[in-house]
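Okay, so here's the structure we're looking at.
Small disclaimer: the values here were computed from a predicted structure and weren't measured.
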Amino acid sequence: MTTPATPYSLAELLICAAAEAWRNDGEVLATGIGVIPRLAASLSMLSSNPQLLMTDSEAYMVAEPVPLGARNGYQVKRDSWMGFSRIFDNVWGGRRHALVGPIQIDRFGQANISCIGDYAKPKAQMLGVRGFPGNSISHANSFFVPSHNRRVFVEGEVDMVSSVGYNPARLARGWSLDDIDIRLIVTDLCVLDFLGPQRQMRVRSLHPGVSLDEVLDNTGFALHVADNCPTTAAPDAAQLRLIQRLDPHNLRASQLKDNPPGQRTAR
Amino acid sequence: MNKQMTTAQMVAQLRDGMTLGIGGWGPRRKPMALIREILRSELKDLTIVAYGGADVGMLCAAGKVKKLVFAFVSLDFIPLEPYFRKARQEASIEIMEIDEGMLLLGLRAAAMGVPFLPTAVGLGTDVLRHNPQIKLVSSPYADGKDWVAMPALALDAALVHVDRADTRGVCQISGPDHYMDDLFVRAARHTYVTCDQLVEGDYFHSAPERAHQVFWERNLTTAVAHVPGGAHPSSCAPLYGFDVAHFKTYVASAQAEQGWPDYVAQFVTCTHEQYLERIGGLAAIRQLPLPVF
């Protein structure tokens, strides 16, 4: 493996890895919830897929991704109004691919952001299902997991199935697993997808310096592993420049504990 | 025609056990003065339908909520709403937890006077498992699929805050998003509106392009109360942003012994004029910066 010219952080690696989610999507609305997912969508719009559409994360479609944080004179390039009610028109039309951060994911790709524990009296109430049910039955979805562990990648099903996954037991009459489209799961250890046999979750790539055993040990269910699992591509200089432009206040540096480097040193 | 009322008069028209829809979204444009009026009242056993923020949290903290219909309760920049969490973790409220879009469709069904609207949203999820009252229907058409029959969410009353209204009930929202306020209004038998600015009817005619900022007809507005700063601590763009410091105080109160009674004593057990004084005055509210997303 070649050493990249510029050092990069793990956050930057994850932004670049997650940006790949939209590469072949064509003209869809890219939504990234949270700093790293939003930067990933923004980066994709400026590099791998210029056809993407984005919003200002408030109420307007924009012609180019809006840099994060205080604008410092940057003028948002509004294309059109896109209030929340219209977002649902877009969601249900299917021309969207969202990157969201669930608190639990299971082997089916079912995800939870509602609550942890017994539903009648949760141990920890979180946000509620938000738009997960509608997103997951309507358009493509990818997930971002900042801390890959067995509390997130649970054995069995997630505590509250907020978004539908590839679980045949939950299909309604007339529906097939082809109606569900889960793409990538980008974690702090690896990239996963559902391209294993019978849509089994698969290790797509391991981040530099991460061992397969570490991924398997931190996942509560079996993963498909292809021979010669590749290493997640390191950001190139052009990508790092774009990320800097999109995140001038370096909010990405405070997203992962201790802002670790992207190229791990031996542990 | 004069629909002007006080918030106390509005709350006097509400009854125990009613289903109330609350406009706004999370920490944005919530009719908080009206919520505080409810907190001061004897009202109880309410069913609340909302894209929830501190409105829901406060009503939960005060024991006003029998049942909550929601997709989320969040303050956005503080993701978890502390008093809503407490209510859930103590199992002190009944819930109907549904997708954000299902909530929209339920309101729309009520507005249309139909018992349900078909949708794919909810299929395959625990939303259906935990809400057995939400049924599936078989399509009568060639697709041959089952669909979720999202039931109408009919409201006894909708409570909303707008930046401008006149006494006839013409309501203007000039901020970037009216959220689902129009659907709450259309789903409700009665609508009670608080406004930051009460204007003469002529005001609207002097700037006709603003007709686009009116999202429901005045015959849907039951009453209007003039409450400057009435959305505080939530935002009312473009007039003011949300009060981050106040929300932090509110959230911290949930961790303190006697935190809620103290909050109530400080910010609820008072008139709106006193409230404004206690939070630093209307001018301070109007200086709150608009959030940058």
Taking every non-hydrogen atom, the tightest pair across A:Val164 and B:Leu123: CB-O, 3.7 Å

I need the B:Phe293 CZ to A:Thr55 OG1 distance, nearest 0.5 Å. 10.5 Å

Does the ring centre of A:Trp81 sit less than 6.0 Å away from the ring centre of B:His212? no

Between CZ of A:Arg173 and NZ of B:Lys145, what distance do you get to the nearest 0.5 Å? 11.0 Å

Under 4.0 Å between a side-chain nitrogen and a carboxylate oxygen: does that hold for A:Arg86 and B:Asp177? no

Start with the C-alpha gap between B:Glu100 and A:Val91, add the side-chain angles, then the distance that decides, and say whether side-chain contact (heavy atoms from CB on, under 4.5 Å) holds. CA-CA 11 Å; B:Glu100 291 165 357; A:Val91 166; over 6 Å; no

Geometric class of the A:Tyr119/B:His130 ring pair [parallel <30°, tilted 30-60°, perpendicular >60°]: parallel

Working note: B:Phe72 + A:Met126, criterion side-chain contact (heavy atoms from CB on, under 4.5 Å); need CA distance, chi angles, decisive distance, verdict. CA-CA 9 Å; B:Phe72 65 83; A:Met126 308 304 277; over 6 Å; no

A side-chain contact here means heavy atoms from C-beta on lying under 4.5 Å apart; do B:Pro79 and A:Leu127 qualify? yes

Interface moiety of B:Leu183 toward chain A, non-hydrogen atoms closer than 4.5 Å: neither

Given B:Arg129 and A:Met160, is the side-chain contact (heavy atoms from CB on, under 4.5 Å) satisfied, shown in steps? CA-CA 10 Å; B:Arg129 189 160 69 92; A:Met160 200 291 186; over 6 Å; no

If every non-hydrogen atom of B:His178 is compared with every non-hydrogen atom of A:Ser85, which pair is closest and at what distance? NE2-OG, 4.2 Å

Would you name the heavy atoms of B:Asp99 and A:Pro133 that are closest together and state the gap between them? OD1-CD, 3.3 Å

Using side chain to side chain donor-acceptor pair (under 3.5 Å), reason through A:Gln125 and B:Arg85 one step at a time and then give a plain yes or no. CA-CA 5 Å; A:Gln125 174 65 44; B:Arg85 289 195 94 187; over 6 Å; no

Residue pair A:Val129 / B:Val127, side-chain heavy-atom distance below 4.5 Å: yes

For B:Glu94, which atoms come within 4.5 Å of any heavy atom of chain A: side chain, backbone, both, or neither? neither

When you compare the side chain of A:Trp92 with that of B:Leu105, does any pair of heavy atoms fall below 4.5 Å? yes

Minimum heavy-atom separation for A:Ala124 to B:Gln89, with atom names? CA-OE1, 3.3 Å

Taking all non-hydrogen atoms of both residues into account, name the closest pair between B:Asp146 and A:Ala172 and its distance. CB-CB, 4.3 Å

Out of B:Ala237, B:Ser139, B:Pro291, B:Ser138, which one racks up the most heavy-atom pairs below 4.5 Å with chain A? B:Ser138

In Å, rounded to the nearest 0.5 Å, how long is the span from SG of A:Cys115 to CD of B:Glu97? 6.0 Å

List the atom of B:Ala120, the atom of A:Trp175, and the distance in Å for their closest heavy-atom pair. CB-CH2, 3.6 Å

So, the part of B:Leu103 with a heavy atom under 4.5 Å from chain A: the answer is neither

